[in-house]
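A note on names: the letters A, B, ... follow the listed sequences, proteins ahead of strands, and every chain is numbered from 1.
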Amino acid sequence: MSSTGWAQLAVAVVVLAVLAPLLGRYLAAVFGPGPAPGDRFFARLERPVFRLLGIDPSNGQPWFNYARSVIAFGAVSVAGLYALLRIQAVLPFDPTGAPAIPSSLAFNTAISFVTGTNWQAYAGENTMSHLSQMAGLVVAQFTAAAVGMSVALALVRGIVQNRRRHGGAPPDEGLLGNFWADLTRSIVRVLMPIAIVATLFLVSQGAVQNLRGNTVATTVEGASQVIPGGPVATQEALKTLGTNGGGFYNAGSAHPLANPNGLTNVFELVLALAIPFAFPFMYGRLAGRPREGYTIVAVMAVLWIAPVLVASFAEGNGNPRLAGIGVDQAAGSPQSGGNLEGKEVRFGPAGSSLLSVGTMGTSAGVTPAALDSLTSAGGASALVPILLGEISPGGVGSGLYGMLIYVMVAVFIGGLMVGRTPEYLGQKLQAAEMRLIALYVLVLPIVVLVGTGASVLLPSAVRSALNSGQHGFTEVLYAFASAANGNGSAFAGLDANTDWYNTVLGLVMLAGRFLPIVIVLALAGSLSRKEFYAPSVGTMPTTGWTFGGLLLGVLLVLGGLTYLPALVLGPIAEHLAG
Amino acid sequence: MRAQLMIGVRALLILTVLVGLLFPLAMTGISQVAFRDRANGSVLQRDGRAIGSGLLGQAFTGDRYFHPRPSAAGAAASGSMIDVLGDDGEPTGATEPADPNDRSQVASGASNLGPNSPDLTEAVEQRVAEYRMQNGIETHVSVPVDAVTESGSGLDPYISVANARLQADRVAAARGISVEEVLHMIDENMAGRVLAIFGEQGVNVLLLNLALDDRQAGR
């Protein structure tokens, strides 16, 4: 990796090391019981919203009601977005005259954005009206992130609640907070303020933000060139900040009018990682045990940096198949070198690997480069964080609740090893909890592997793959992994705008998002009613090196056992053939 | 459930107005005041007409100009000429500008060919041969990788400095100016890295070509 590659990585790590704990402290104040910075200002914005919604924000919901609200809001959002996409042709803010979106694509896209996946079976420039992009897709990007935060908060409250149980049940026993209040506060107090700053910064660097159609330039040699307009920067900010990933243009963050230079490239990385890395810090504070948060952050960070380094080296080394045919891929002062197929000169292999693989573990899946053209090792580095279930550091909110499930798996396995009933923060994990946890761990792999298996058995679905052989298999596996885990990036050679993929991937995204959410909320409900046991000398600590190592081991063993056969057929076989 | 659905409808409507309309419109308003040129795509004007964007790559094929990277984007997105087809559906040999209203021609994008793809190696081999022929480069000299691979957007505004230097002889000969002068202009137009570490150094092809034209026109 080049020295500037190391420098960019170091800057991102240092900025995050400062930013995430501060943001975590702010989040803990906003969502905890006490006062928070800016209360007076934000309360003035929130009060009319609560009144219009007709809810009392202090009215806590038990898990079942919380889940019902999440699902009701999800259903309304999918229906609303589907309708908007179907009738965009007759609505305003459509300077290029985009036609209505066909039903199977609208179905897929509506689910995709409401679930925070942002799988895009279309090219933004030639499909979406400006209204669909800003009042449809960006709204879903806000709400998907806010729903993720809300569910994580509900789980945290479920875990934390009975720590206050000293002599009798607390008055709010079994209540996980109010979903509508969490949703509103997440947007008003967290996402919105950051999004404003991020948008204006991106525009200042050259990202487009207007309501125009296409400016048609007559080029120097007399051809016509379309310079597409639109509310690009707002979507670019939300797609990263909310770990959604769905950009305005087909090329995503490779497009110069969305991600203009090396600085915005690193900025987008930090933006995507900020909230996911802040959430464990928030959790530690709300639990009154900051070290719980540090251990989780450390495990997330290890799993984050390893694939980034692998990809940076692999992409920097270039494609061996091009070396023998007169192509110079060596890094030197007049060129970055490396595997530049599908990459931009201004990012080079280092910046491309940093933002693409660096956001794969966040469920954003930002693409400053074509993932399909990464080397086999680079492509695997993009795929593995998705397969691990988006916990390095995971999506906004969803990263924390996903990781907490694996923390409890590790606690359970640790408990088995020492022969004690597993305890997590003073509550015994018993059969009821372990059933839910096992269900959570199984849902996503089943969806991914069954979907991939069904597709490779269908000749028409196989023909959708652009590349043949192992790489074509990886395109299909990647699609299902990305859809089920809420990532949304693609090995884009796969032509996914077919009835089969639009429908099946739509259903996969629904299942991959809402089944885990319901399981997590049920678990939170179960934990919130448990007796509190003060830790004794025999309690296994859930902080420190030993537990961190155990957690890391559990994640790698579970992920490895589940997906190794599929990876062998795809990127590993491809690497051996390279 | 019915009550929750109704709250959901109200929430979606309120949020659509708040973050789906007010937020992007306010950001557009501020951007149009504070960063007007950039918010509108960094459009470059010549004689009062748009000639391209300072941030977007643009197709060049003539010997007088530096050539950008190969592009997988639509012809109207990259500003490429397309073949005129005869009545029999075969190319007539003539070319014309792509139609900017043709939706199939406006998307950005990459080739998406995998690293082991035979299509990729074949395309690269052909581009290497063409690049050597156009620029008079001997077969023992390797060609910079950016010159023979397609970018992520298909609209990469930059080429590597190594790539630009190898094209200098051809451009100088076609323009009848000295190679030293062209090399000097390449150095003057090096850009791409922000604050010394963010990104990689390259040459913006459109800006370099315009600078060459301006210099010769005495502007």
Side-chain angles (χ1 to χ4, degrees), chain A residues 4 7 53 68-69 72-73 76 80 123 125-126 134-135 139 142 199 203-204 206 208-210 216-217 219 223-227 231 234 249-251 254-256 261-263 319 321 325-329 334-336 340-346 348 369-370 372 375 466-467 471 492-493 578, chain B residues 4-5 7-10 12 14 16 19-20 24 27-28 31 35 38-42 50-53 55-56 58 76-77 79 81 97 100 103 106-110 112 114-117 121 124-125 128 142 144-146 149 151-153 156-158 160-162 192 194 197-200 202:
Chain A
T4 51
L53 291 180
R68 202 170 54 178
S69 299
F73 185 61
V76 167
E125 298 97 311
N126 61 20
M134 65 185 185
V139 172
F142 268 103
T199 300
V203 177
S204 79
V208 163
Q209 181 73 23
N210 61 42
V216 179
T219 69
S224 304
Q225 182 177 28
V226 165
I227 302 167
T234 42
Y249 300 118
N250 189 40
H255 201 293
N261 60 44
L263 179 60
N319 181 349
R321 294 230 171 164
I325 54 174
V327 179
D328 177 10
Q329 300 181 90
Q335 72 161 358
S336 70
L340 281 189
E341 180 67 30
K343 291 192 186 61
E344 304 280 299
V345 164
R346 65 190 183 283
D372 221 338
T375 61
L466 169 75
N467 291 277
H471 199 78
Chain B
Q4 294 301 307
L5 284 171
I7 302 179
V9 169
R10 288 198 294 273
L12 184 62
I14 295 168
T16 301
V19 302
M27 291 299 101
T28 305
S31 303
F35 311 106
R38 293 182 168 200
N40 288 329
S42 308
I51 198 167
S53 161
L55 289 178
L56 294 179
Q58 176 173 108
M81 303 293 259
R103 290 186 170 270
V106 299
S108 52
N112 287 312
N116 293 356
S117 161
T121 14
V124 169
E125 264 182 317
V128 167
S142 300
V145 60
D146 66 292
T149 50
S151 66
S153 62
D156 195 338
Y158 295 98
S160 70
V161 180
V194 185
I197 58 164
F198 296 104
E200 303 290 343

Pair His255(A)-Leu56(B), side-chain contact (heavy atoms from CB on, under 4.5 Å): steps then yes or no: CA-CA 9 Å; His255(A) 201 293; Leu56(B) 294 179; 3.8 Å; yes
Stepwise side-chain contact (heavy atoms from CB on, under 4.5 Å) test for Gln335(A) and Val145(B): CA-CA 9 Å; Gln335(A) 72 161 358; Val145(B) 60; 4.0 Å; yes
Verdict with supporting geometry, Glu125(A) and Ser108(B), side-chain contact (heavy atoms from CB on, under 4.5 Å): CA-CA 8 Å; Glu125(A) 298 97 311; Ser108(B) 52; 2.5 Å; yes
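For Arg103(B) (side chain) and Asn126(A) (main-chain N/O), a donor-acceptor pair under 3.5 Å exists by modelled atom type. Between the Asp156(B) side chain and the Val345(A) main chain, a donor and an acceptor come within less than 3.5 Å of each other. Counting only distance, with no hydrogens or angles, the side chain of Gln225(A) and the backbone of Ala77(B) share a donor-acceptor pair below 3.5 Å. One N or O on the side chain of Asn467(A) and one on the backbone of Asn112(B) form a donor-acceptor pair closer than 3.5 Å. Although no hydrogens or angles enter the test, the distance criterion places no donor-acceptor pair under 3.5 Å between the side chain of Arg38(B) and the main chain of Val203(A). Not a single donor-acceptor pair under 3.5 Å links the side chain of Glu125(B) to the backbone N or O of Ile325(A).
The residue among Ala7(A), Gly206(A), Pro231(A), Gly348(A) with the most heavy atom pairs within less than 4.5 Å of chain B is Gly206(A). Your options are Asn250(A), Thr219(A), Thr234(A), and the one with the most heavy-atom pairs under 4.5 Å with chain B is Thr219(A). Annotation: maximal heavy-atom pairing with chain A below 4.5 Å, among Ser31(B), Ala39(B), Ala50(B), occurs at Ala39(B). When Gly493(A), Ala370(A), Ala251(A) are compared by the number of non-hydrogen pairs under 4.5 Å with chain B, Ala251(A) comes out ahead. Interface remark: of the candidates Ser117(B), Gly79(B), Gly52(B), Gly79(B) forms the most heavy-atom pairs closer than 4.5 Å to chain A. In terms of heavy-atom pairs under 4.5 angstrom with chain A, the leader among Gly41(B), Gly202(B), Gly192(B) is Gly41(B). For the set Val9(B), Val194(B), Leu55(B), Val19(B), the count of heavy-atom pairs under 4.5 angstrom toward chain A peaks at Val19(B). The candidate from Met134(A), Glu344(A), Lys343(A), Gln329(A) with the greatest count of non-hydrogen atom pairs under 4.5 Å with chain B is Glu344(A). Among Ala76(B), Pro144(B), Pro97(B), Ser53(B), the residue with the largest count of heavy-atom pairs under 4.5 Å with chain A is Ala76(B).
With a 4.5 Å cut-off on non-hydrogen atoms, Leu12(B) touches chain A through its backbone and its side chain both. Leu263(A) touches chain B through backbone and side chain together, each having a heavy atom under 4.5 Å away. The part of Ala123(A) that comes within reach of chain B is its side chain, from C-beta onward, which places non-hydrogen atoms under 4.5 angstrom from that chain. Residue contact with chain B, scored on non-hydrogen atoms closer than 4.5 Å, involves the side chain of Thr199(A) exclusively.
Across Thr16(B) and Val139(A), no two heavy atoms sit closer than the pair CA-CG2, 3.8 Å. What you find for Pro157(B) and Pro256(A) is that their closest heavy atoms are CD-CG, 3.9 Å. Looking at every heavy atom in both residues, Pro100(B) comes nearest to Ser224(A) through CD-CB, 4.3 Å. A pairwise comparison of heavy atoms in Gly342(A) and Ala110(B) identifies CA-CB, 4.4 Å as the closest pair.
With sequence neighbours left out, the side-chain hydrogen bond (donor to acceptor under 3.5 Å, both in side chains) criterion links Thr28(B) to Gln209(A).
Looking only at side-chain heavy atoms (C-beta outward), Pro115(B) and His471(A) come within less than 4.5 Å of each other.
Note: Asn210(A) CG to Asn40(B) CG = 5.0 Å, rounded to the nearest 0.5 Å. The CZ atom of Arg346(A) lies 8.5 Å from the OG atom of Ser151(B); values are rounded to the nearest 0.5 Å. Interatomic distance, CZ of Arg68(A) versus CG of Leu5(B), reported as 9.5 Å (0.5 Å rounding).
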